[in-house]
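Below is one structure; the comments refer to it alone.
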Amino acid sequence: MSILAEIDAESRTVLERFGFDEERFAGLQARVVDGSLGPGTNVVAGTVEPPARGDVVRLPAPDDDAGVRAAGEAALRAGELGIVVLTGGMATRFRGVVKGLVEVFDGRTFLDLKLAQAERVAARTGADVPVALMTSFATDEAVRAAVAGRGPAEPVVFSQSVSLRLEPDGSLFRDDAGRVSPYSPGHGDFLEWFVRSGTRDRLRERGVRHVLVSNVDNLGAKVDPAVLGAHLRAGRAVTAEVVATEGDPGGAPVRVDGKPQLLESPRFPASFDRSRLGYGNVNTLTLDLDVLDRVYDLTWLYVRKEVDGRPAVQLERVYHEISRFVPTTFLRVPATGPRGRFVPVKTLEDLEEGREALRELAQPPAVD
């Protein structure tokens, strides 16, 4: 029997509207049931080692980046850069609100500030800097309402897909009333739905050749000609920003069987000492648009959650795993300071404690 036929009408409407792939879901569910997809399959196969010397390159200092900055500036003035903001997260640690619409300071939300950054670059360069927002079933309506009516600067909005939580045994997770539990299956959806929605082609028609992709809550991931120039100079299709860390960095650049790539936290072998790494992934990528002309077989991660006080399973993908398939530059950027590009905001407490740092990050790059 069809999964859609087994669920309540309200949930079925959400699934149908937001691209639920019943065939794919059934295949993944069967793998959870038979044990071929589980916590153990998260761990990467192969030998994991810290990055080799030269795998991570430093963003040039202001007094040494004239050529890099000029290349980035030329690409900006030619209208070759677009911006993608990932704003589909359900923000459970923000008490279930739409994170992009949370006020940061002075009555301005994360999304307000991200859009203002793009508008400032467009005004300074005289070029078109299109913005696309990836929403989810949980954020789409609110985000569309928030950005409607911005005139020529109104961003393109597209949604990622939706899936259903499972019980640990692989059966559908249902609440006490028997309703299923939808969720967004991770920002790995970007690589697929940016294309399926037609957004990639719309930006390409506007002259875009590269996109800067970042989380809505990362105000440091702004357009900087030096960062774009560093991407162009490296000559690789993907540039991933990383910052210096101490201790466990979470996701990080590594080598797997000698090949550089970004590895998500659950994928590390338990025996690997992540404090050896020194750099952490901040989930900000610059991509050549052409790299999205192919499909990537991203890993499905088995993620345990607690929902309504009960264990639940989500299957998720991460978009920075593209570094496993495409040669990638790992660009070390400063986290804070005048050129800072990352302050993590995972909880409301982080927001309260980091407002001044976020205010600084929201400013234009120090050399503009």
Side-chain angles (χ1 to χ4, degrees), residues 56-86 113-133 153 155-156 190 194 199-200 203-204 206-216 218-243 253 262 281-292 319-320 322-323 326-335 337-342 361-368:
V56 178
V57 299
R58 188 187 296 266
L59 179 68
D63 59 355
D64 191 35
D65 71 350
V68 169
R69 178 169 291 277
E73 187 72 20
L76 285 174
R77 293 188 181 279
E80 294 179 356
L81 183 72
I83 297 172
V84 178
V85 180
L86 306 175
L113 293 164
K114 294 287 274 191
L115 294 177
Q117 290 171 353
E119 291 164 1
R120 186 164 56 226
V121 173
R124 182 180 63 77
T125 61
D128 184 21
V129 184
V131 178
L133 309 177
V156 178
F190 160 70
F194 183 66
T199 307
R200 176 202 57 183
L203 267 59
R204 182 177 273 161
R206 292 169 66 171
V208 170
R209 297 180 60 191
H210 322 280
V211 286
L212 173 67
V213 189
S214 66
N215 293 335
V216 70
N218 185 6
L219 299 181
K222 50 191 175 251
V223 176
D224 185 336
V227 172
L228 179 56
H231 170 74
L232 296 172
R233 181 175 69 174
R236 299 188 182 99
V238 179
T239 294
E241 297 184 28
V242 299
V243 296
L262 287 170
N281 172 34
V282 300
N283 208 44
T284 300
L285 268 59
T286 301
L287 305 167
D288 290 353
L289 213 59
D290 290 348
V291 83
L292 301 176
Y319 88 112
H320 52 250
I322 193 174
S323 62
V326 178
T328 298
T329 298
F330 302 111
L331 183 67
R332 177 182 174 178
V333 298
R339 304 182 87 197
R341 295 186 64 81
F342 180 66
L361 285 188
Q363 301 306 310
V367 182
D368 199 1

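Since we're looking at a predicted model, the values are computed, not measured. The figures that follow rest on heavy atoms only: side chains count, while hydrogens, waters and symmetry mates do not.
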Short side-chain to backbone donor-acceptor contact, [X] and [Y], under 3.5 Å:
| X | Y | value |
| --- | --- | --- |
| Arg206 | Asp128 | no |
| Glu241 | Val282 | no |
| Lys222 | Arg341 | no |

| query | Salt bridge or not for Asp224 and Arg69, using N-O below 4.0 Å? | reply | yes

| query | Should the pair Arg204-Asp290 be classified as a salt bridge under the 4.0 Å nitrogen-to-oxygen rule? | reply | yes

Using every non-hydrogen atom in the two residues, find where [X] and [Y] come nearest and quote the distance to one decimal.
| X | Y | value |
| --- | --- | --- |
| Pro225 | Arg124 | CG-NH2, 3.9 Å |
| Leu219 | Gln117 | O-NE2, 3.0 Å |
| Leu212 | Ala221 | CD2-O, 3.7 Å |
| Pro253 | Val56 | CG-CG2, 4.3 Å |
| Val84 | Phe190 | CG1-CE1, 3.8 Å |
| Ala118 | Val131 | CB-CG2, 3.5 Å |

| Quick one: ring pair (Phe, Tyr, Trp, His ring centres under 6.0 Å) pairs with a partner in residues 56-86, sequence neighbours left out? | none

| message | Let's go through Val333 and Arg339 carefully: what are the C-alpha distance in whole Å and the side-chain angles of both, what is the deciding distance for side chain to side chain contact (heavy atoms under 4.5 Å, CB included) to 0.1 Å, and is it a yes or a no? | response | CA-CA 8 Å; Val333 298; Arg339 304 182 87 197; over 6 Å; no

So, do [X] and [Y] sit near enough that their side-chain heavy atoms are less than 4.5 Å apart?
| X | Y | answer |
| --- | --- | --- |
| Val326 | Leu287 | no |
| Val223 | Leu228 | no |
| His210 | Leu232 | yes |
| Pro334 | Leu59 | yes |
| Thr284 | Phe342 | no |
| Val211 | Arg200 | no |
| Pro155 | Leu115 | yes |
| Tyr319 | Leu86 | yes |

| request: Determine which pairs satisfy salt bridge (charged side-chain N to carboxylate O under 4.0 Å, His left out) with at least one residue from residues 77-86, sequence neighbours left out, and list them in order. | output: Glu73-Arg77, Glu80-Arg209

| Can you tell me how far CG of Leu262 sits from CG of Leu285, rounded to the nearest 0.5 angstrom? | 7.0 Å

| Euclidean distance, Thr329 OG1 relative to Arg233 CZ, rounded to 0.5 Å | 10.0 Å

| request: Return the set of residues passing side chain to side chain donor-acceptor pair (under 3.5 Å) with Thr125 (not counting sequence neighbours), or none when no residue passes. | output: none

| request: Could you verify whether a donor N or O on one side chain and an acceptor N or O on the other, from Thr239 and His231, lie under 3.5 Å apart? | output: yes

| field | Pair Leu133-Lys114, side chain to side chain contact (heavy atoms under 4.5 Å, CB included): steps then yes or no | value | CA-CA 11 Å; Leu133 309 177; Lys114 294 287 274 191; over 6 Å; no

| request: Starting from the C-alpha separation in whole Å, work towards a yes-or-no answer on side chain to side chain contact (heavy atoms under 4.5 Å, CB included) for Phe330 and Asn281. | output: CA-CA 9 Å; Phe330 302 111; Asn281 172 34; over 6 Å; no

| message | For a side chain to side chain contact (heavy atoms under 4.5 Å, CB included) check, start with the C-alpha distance between Asn218 and Asn283, then their side-chain angles and the critical distance, and finish with the verdict. | response | CA-CA 9 Å; Asn218 185 6; Asn283 208 44; over 6 Å; no

